[in-house]
Amino acid sequence: GFMHVGGVRTALYAWLFARKHSGTFILRIEDTDKEREVPGSVKHIMESLLWLGIAWDEGPEKGGPHAPYIQSQRLDLYKQYAQKLIDNGFAYPDPYTEEEVEALRTQAEAQKRPFLYREHRPENPGAWAGGTKPLRFKVPEVKRYAWHDIVRGDLSAGEEALDDFILIKSDGYPTYNFSHIVDDIEMGVTHVVRGEEFVSSTPKFLSLYEALGATPPLFATMPVILGPDGKKKLSKRDGAKDILDYRAEGYLPEALVNFLALLGWHPEGDEEVLSVEQLIERFTLERVQKGGAKFDEDKLRWFNREHIKRLSDGALLAKVQELYGTVPVYAPKVIGLVRERAQTLKEAYDTLTK
């Protein structure tokens with residue numbers, strides 16, 4: 001889908017961490033859920049990141065030692081890993097129809113107990129033909145998993161969080177739960193920065209890493225971004241926008257990066273207006289807060305104004321012209337006065353062309 005503030009902040013934190021530690025920031029396009037794929041979204045993701053200065057070291061149009069970086073072009077690799085799991089007794093073809101699975105789920109609800117697919121494993125599932133029936137992961141051992149999250153600290157979950165899940169769907173495409181783990185292993189990923197919605201799935205991921213004989217990466221779970229009222233997750237109703245809308249409205253990329261960096265993380269000291277170089281120097285995952293961070297567009301406008309004030313007259317005029325076109329001939333004489341008042345490039349342009 002298209003990039004919004006939550007996804008961009010996650011990417012930003014991963015990028016800052018990679019830059020600080022001379023690491024590799026990977027852009028991987030996870031496009032295996034064809035029903036939810038949004039046309040044009042890949043181009044939009046890349047354009048959004050590049051506008052913000054979040055350049056990837058490996059990925060589409062950049063290449064790298066683990067190409068291709070688009071998952072729909074890596075299907076043979078996922079099948080190889082799937083076969084490895086089958087050979088070791090950790091995967092089996094799902095013989096049930098969607099209607100049969102739903103009936104089992106309804107039965108569990110009627111009995112007021114959680115539905116666990118592993119309680120209905122077929123005794124003789126047969127061979128997997130590939131592309132005709134879904135392939136499910138067979139949890140190797142039902143046990144309690146414990147792991148350390150860089151942000152959340154020590155976490156654990158038991159058998160209630162473990163179940164057999166689909167690895168490859170009947171259309172031949174892998175699920176996110178499978179493909180991202182294969183790619184993390186293949187690409188040597190050491191740190192994963194992501195949203196809190198994945199915490200509940202972590203025991204499943206750990207059991208799959210275990211079945212594959214692989215060491216899992218370190219996890220850093222980001223706090224949720226809250227709406228202006230600070231009570232619920234930011235949504236479109238609260239004014240959440242497409243990232244490129246901020247460009248059209250005249251926000252500077254460095255101001256948006258500064259604002260998003262401090263939306264859940266704070267460096268030591270009271271200084272708020274920071275350059276990208278300063279953010280890289282000071283960033284640590286350990287100082288990311290656990291609780292939600294409120295999205296305050298008034299604060300974003302303040303950051304934008306502060307960054308505009310740091311521009312020279314010539315630089316500000318060039319940015320206004322680049323974004324909105326021709327300005328009056330007298331603009332160079334008054335741009336200094338405009339800079340002191342404008343909160344966005346759009347406001348500067350409107351003032352110049354009145």
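Values below: all heavy atoms of this structure, side chains included; hydrogens, waters and symmetry mates excluded. Predicted, not measured: the structure shown is a model, and the values here were computed from it.
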Does any part of the side chain of [Y], heavy atoms only, come nearer than 4.5 Å to the side chain of [X], both counted from C-beta?
X      : Y      : value
Val338 : Val320 : no
Pro134 : Tyr96  : no
Thr202 : Leu155 : no
Ile308 : Gln343 : no
Glu249 : Lys346 : no
Lys20  : Thr284 : yes
Val101 : Tyr117 : yes
Val151 : Met222 : yes

Minimum heavy-atom distance between [X] and [Y], given as atom pair plus value:
X      : Y      : answer
Arg282 : Trp265 : O-CZ2, 3.4 Å
Leu116 : Leu162 : CD2-O, 3.9 Å
Pro140 : Glu210 : CG-OE2, 4.1 Å
Pro174 : Tyr78  : CG-CD1, 3.3 Å
Leu226 : Gly230 : CD1-O, 3.4 Å
Leu263 : Tyr13  : O-OH, 3.4 Å

Please say yes or no: joined through hydrophobic side-chain contacts below 4.5 Å, possibly via intermediate residues, are [X] and [Y] part of one cluster?
X      : Y      : value
Leu323 : Leu244 : no
Leu345 : Val273 : no
Ile166 : Leu135 : no
Leu50  : Leu252 : no
Leu12  : Tyr251 : yes

Inset, instruction - Test side-chain contact (heavy atoms from CB on, under 4.5 Å) on Tyr81 and Ile181 and set out the steps. - result: CA-CA 10 Å; Tyr81 271 76; Ile181 288 179; over 6 Å; no
Please determine if [X] and [Y] form a salt bridge, counting it only when a charged side-chain N lies under 4.0 Å from a carboxylate O.
X      : Y      : answer
Arg28  : Asp184 : yes
Glu196 : Arg152 : yes
Asp94  : Arg136 : yes
Glu47  : Arg247 : yes
Arg74  : Glu186 : no
Arg105 : Glu102 : yes
Asp350 : Lys354 : no
Arg118 : Glu159 : no

If we ignore angles and hydrogens, is there a donor and acceptor under 3.5 Å between the side chains of [X] and [Y]?
X      : Y      : value
Asp31  : Ser72  : yes
Asn304 : Tyr246 : no
Asp87  : Gln83  : yes

Heavy-atom neighbours of [X] [atom1] exceed 12 at 6.0 Å:
X      : atom1 : answer
Lys34  : NZ    : yes
Glu98  : CD    : no
Glu271 : CD    : yes
Lys79  : NZ    : no

Inset, instruction - Enter the distance from Arg194:CZ to His180:NE2 here, rounded to the nearest 0.5 Å. - result: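 Atom-to-atom, Arg194:CZ and His180:NE2 are 4.5 Å apart.
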Inset, instruction - Could I get the full list of ring pair (Phe, Tyr, Trp, His ring centres under 6.0 Å) partners for His44, not counting sequence neighbours? - result: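 For His44, the residues satisfying ring pair (Phe, Tyr, Trp, His ring centres under 6.0 Å) (neighbours in sequence not counted) are Phe2.
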Inset, instruction - Mind telling me whether His66 and Tyr69 have parallel, tilted or perpendicular rings, with 30° and 60° as the class edges? - result: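 Because their plane-to-plane angle is over 60°, the rings of Tyr69 and His66 count as perpendicular.
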Inset, instruction - Assert yes or no for the condition that the ring centre distance of Phe178 to Tyr173 is strictly below 6.0 Å. - result: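 That pair fails the under 6.0 Å test.
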Legend entry - Any pair counted as salt bridge (charged side-chain N to carboxylate O under 4.0 Å, His left out), so long as it reaches residues 309-318, sequence neighbours left out: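 Every salt bridge (charged side-chain N to carboxylate O under 4.0 Å, His left out) pair that includes a residue of residues 309-318, provided the two are not neighbours, is Glu306-Lys309, Asp313-Arg339.
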Legend entry - Full working for side-chain contact (heavy atoms from CB on, under 4.5 Å) between Gln71 and Ile29: CA-CA 6 Å; Gln71 286 187 333; Ile29 303 300; over 6 Å; no
Inset, instruction - Output all residues satisfying side chain to side chain contact (heavy atoms under 4.5 Å, CB included) with Asn177, sequence neighbours left out; order by chain, then residue number. - result: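 Per chain and number, Asn177 pairs via side chain to side chain contact (heavy atoms under 4.5 Å, CB included) with Phe165, Thr175, Phe205.
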Legend entry - Derivation and outcome, salt bridge (charged side-chain N to carboxylate O under 4.0 Å, His left out), residues Glu35 and Lys169: CA-CA 12 Å; Glu35 292 183 0; Lys169 297 169 289 185; over 6 Å; no
Inset, instruction - Report the C-alpha separation of Tyr209 and Tyr145 in whole Å, then their side-chain angles, then the decisive distance to 0.1 Å, and conclude whether the ring-ring contact (aromatic ring centres under 6.0 Å, His included) test is met. - result: CA-CA 12 Å; Tyr209 278 111; Tyr145 279 90; over 10 Å; no
Legend entry - Ring-face cation contact, Tyr92 with Arg121, 6.0 Å cut, 45° max: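 No, Arg121 and Tyr92 do not form such a contact.
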Inset, instruction - In sequence, state the C-alpha distance, the side-chain angles, and the governing distance for Asp183 and Leu77, and then conclude on side-chain contact (heavy atoms from CB on, under 4.5 Å). - result: CA-CA 9 Å; Asp183 287 341; Leu77 176 66; 4.2 Å; yes
